[in-house]
Amino acid sequence: MRFPLRAPSLARWSAPLLGGLALGLMLQVSAHAADLRVGFMPGPYRDAFTGGIEPQLKKLGYTVKYVEFSQGVQPNDAVERGQIDANIFQHSLYLNATNKQQGFDLVPVVHVPTPPMGLYSQRHRSLESVPDGATVTLPADPVNAARALNILAAIGWVALKPGVSPLSVSERDIASNPKRLKLVPLEAAQAPRSLADADIAAVQGNFAVASGLKLTQALKLEDMTLPYVNVVAVKHSNENAKFAKDIAAAYQSPEFQRFFKANPTWAGYRLPDYFSQ
């Protein structure tokens, strides 16, 4: 369709200039939109993303920038502030807890393969050899402390009071401690280091893998249920953004599933329900 112009001479000079400016602005906007900043804590999630997700995103025109964090609330704070677009390090219970405590508004968009928490030891080769009065380190945050206590309860070392909330459980919720365990809460990232001094350490899967521990070395792995399977988290306002949907689609793709299952180092992970069996 042609549109008549009242000033052909002005249009003849301005159209190329305006067209060039518009094209430049479009390129800048599209380049910025294609820059995807993703945050990680120490652990296996970046490796899985780099090898199985980033190649798919590159085909869609994204450039991925990785941001590493060392403390649990930092990746969520960075997403909330818009410093990064998404993070991959936490399960939905922890996400909900930090939303409530910090006033964040983040949501999960897809589950990711997750190594379970486990009980590890450098002093003992079996649960049966652990003596009464043993020292056990466990995460200090209530959500992950609940996971550790549930493992201890599953093997009969402690009993929890009925109806305990997984968001607020603590040592006070232990109904009985027949093995007289000495429970020592500490920062979750320090759990692998505590193996030098403790009889047992309850280590979150990502920190176990990051420190070189193998899931097959655990004396006991948790029976991981869906709320503890980790997620990709974004701001609520970006839940339906194209980048969020593209990340979710990449994780759910057959290509990623084949890539993940082909790596023997990831054996023992809890796989999301969308994985083909």
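In summary, K220 and D223 do not engage in a salt bridge, as defined by a charged side-chain N under 4.0 Å from a carboxylate O. One finds a salt bridge joining R46 and E68 here, because a Lys/Arg side-chain nitrogen approaches an Asp/Glu carboxylate oxygen to under 4.0 Å.
Under a hydrophobic-cluster definition in which Ile, Leu, Val, Met, Phe, Trp and Tyr are linked whenever side-chain heavy atoms come within less than 4.5 Å, directly or via other members, L152 and L186 are assigned to different clusters.
Contact annotation: the side chain of D77 never approaches that of Q102 to less than 4.5 Å [non-hydrogen atoms, C-beta and beyond]. Contact annotation: the side chain of L149 never approaches that of E171 to less than 4.5 Å [non-hydrogen atoms, C-beta and beyond]. For the pair V79 and F104, the minimum side-chain heavy-atom distance is 4.5 Å or more. Considering only heavy atoms from C-beta on, P44 comes within 4.5 Å of W266 through its side chain. Contact of the Q90 side chain with the M41 side chain is not registered, since no non-hydrogen atoms from C-beta on lie closer than 4.5 Å. Side-chain contact check for V143 versus H91: some heavy-atom pair is nearer than 4.5 Å. Side chains of P272 and Y251 form no contact here, defined as non-hydrogen atoms less than 4.5 Å apart. By the 4.5 Å heavy-atom criterion applied to side chains, I84 and Y66 are not counted as neighbours.
Summarising the geometry of F256 relative to A48, their closest heavy-atom pair is CE1-O, 3.8 Å, with the distance given to 0.1 Å. When all heavy atoms of A188 and P192 are compared, the closest pair comes out as O-CD, 4.1 Å. When every heavy atom of H111 is checked against every heavy atom of V229, the shortest pair comes out as CD2-O, 3.4 Å. Of all non-hydrogen atoms in V112 and Y274, the two that sit nearest each other are CA-OH, 4.2 Å. Taking every heavy atom of both residues into account, A86 and V234 meet most closely at CB-CG1, 3.8 Å. When all heavy atoms of P42 and F69 are compared, the pair lying nearest together is CD-O, 3.4 Å.
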**Asked** Does the pair N76 and L95 meet the rule for a side-chain contact (heavy atoms from CB on, under 4.5 Å), with working shown?
**Response** CA-CA 8 Å; N76 283 343; L95 174 63; 4.2 Å; yes
**Request:** Could you please spell out the steps behind the side-chain contact (heavy atoms from CB on, under 4.5 Å) verdict for F260 and L271?
**Result:** CA-CA 10 Å; F260 194 88; L271 300 178; 3.7 Å; yes
**Message:** Could you go through F40 and T50, starting from their C-alpha distance and side-chain angles, then the distance that decides it, and tell me whether this counts as side-chain contact (heavy atoms from CB on, under 4.5 Å)?
**Reply:** CA-CA 11 Å; F40 296 88; T50 300; over 6 Å; no
**Request:** Step by step, work out the side-chain contact (heavy atoms from CB on, under 4.5 Å) result for K235 and D105.
**Result:** CA-CA 6 Å; K235 290 189 70 170; D105 190 17; over 6 Å; no
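Residue F49 holds its CZ atom at 14.5 Å from OH of Y45, rounded to the nearest 0.5 Å. Summarising the geometry, atom CG belonging to L57 is positioned 6.5 Å from atom CG belonging to L36; distances are rounded to the nearest 0.5 Å. Once rounded to the nearest 0.5 Å, the distance linking CD of E54 with OG1 of T63 reads 8.5 Å. The OH atom of Y228 sits 5.0 Å away from atom CG of L93, with the distance rounded to the nearest 0.5 Å. Here the CG-OG1 distance, from N206 to T114, works out to 9.0 Å after rounding to the nearest 0.5 Å. In this structure, CG in D85 is found 9.5 Å from OH in Y62, a value given to the nearest 0.5 Å.
Annotation: side-chain contact (heavy atoms from CB on, under 4.5 Å) contacts of R123 (sequence neighbours excluded): S121, D199.
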Return a table of donor-acceptor pairs under 3.5 angstrom between the side chains of residues 176-185 and protein atoms on other chains or two or more places apart.
| unit_1 | atom_1 | unit_2 | atom_2 | d |
| --- | --- | --- | --- | --- |
| N177 | OD1 | R180 | N | 3.1 |
| N177 | OD1 | L181 | N | 3.0 |
| N177 | ND2 | L181 | O | 3.0 |
| K179 | NZ | V130 | O | 2.9 |
| K179 | NZ | D132 | OD1 | 3.3 |

Let me check something: any side-chain donor-acceptor pairs from residues 134-141 under 3.5 Å, sequence neighbours excluded? List them with distances.
| unit_1 | atom_1 | unit_2 | atom_2 | d |
| --- | --- | --- | --- | --- |
| T137 | OG1 | S194 | OG | 2.8 |
| D141 | OD1 | N144 | ND2 | 3.4 |
| D141 | OD2 | N144 | N | 3.0 |
| D141 | OD2 | N144 | ND2 | 3.0 |

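A donor-acceptor pair under 3.5 Å is absent between the side-chain atoms of Q190 and the main chain of E187, judged by distance alone. A donor-acceptor contact shorter than 3.5 Å is absent between the side chain of K58 and the backbone of V64. Side chain of E222 to backbone of M224: no donor-acceptor contact under 3.5 angstrom is found. For N99 (side chain) and L106 (main-chain N/O), a donor-acceptor pair under 3.5 Å exists by modelled atom type. For the pair Q56 (side chain) and A250 (backbone), a donor-acceptor distance under 3.5 Å is present. Distance alone, capped at 3.5 Å, places no donor-acceptor pair between the Y120 side chain and the A191 backbone.
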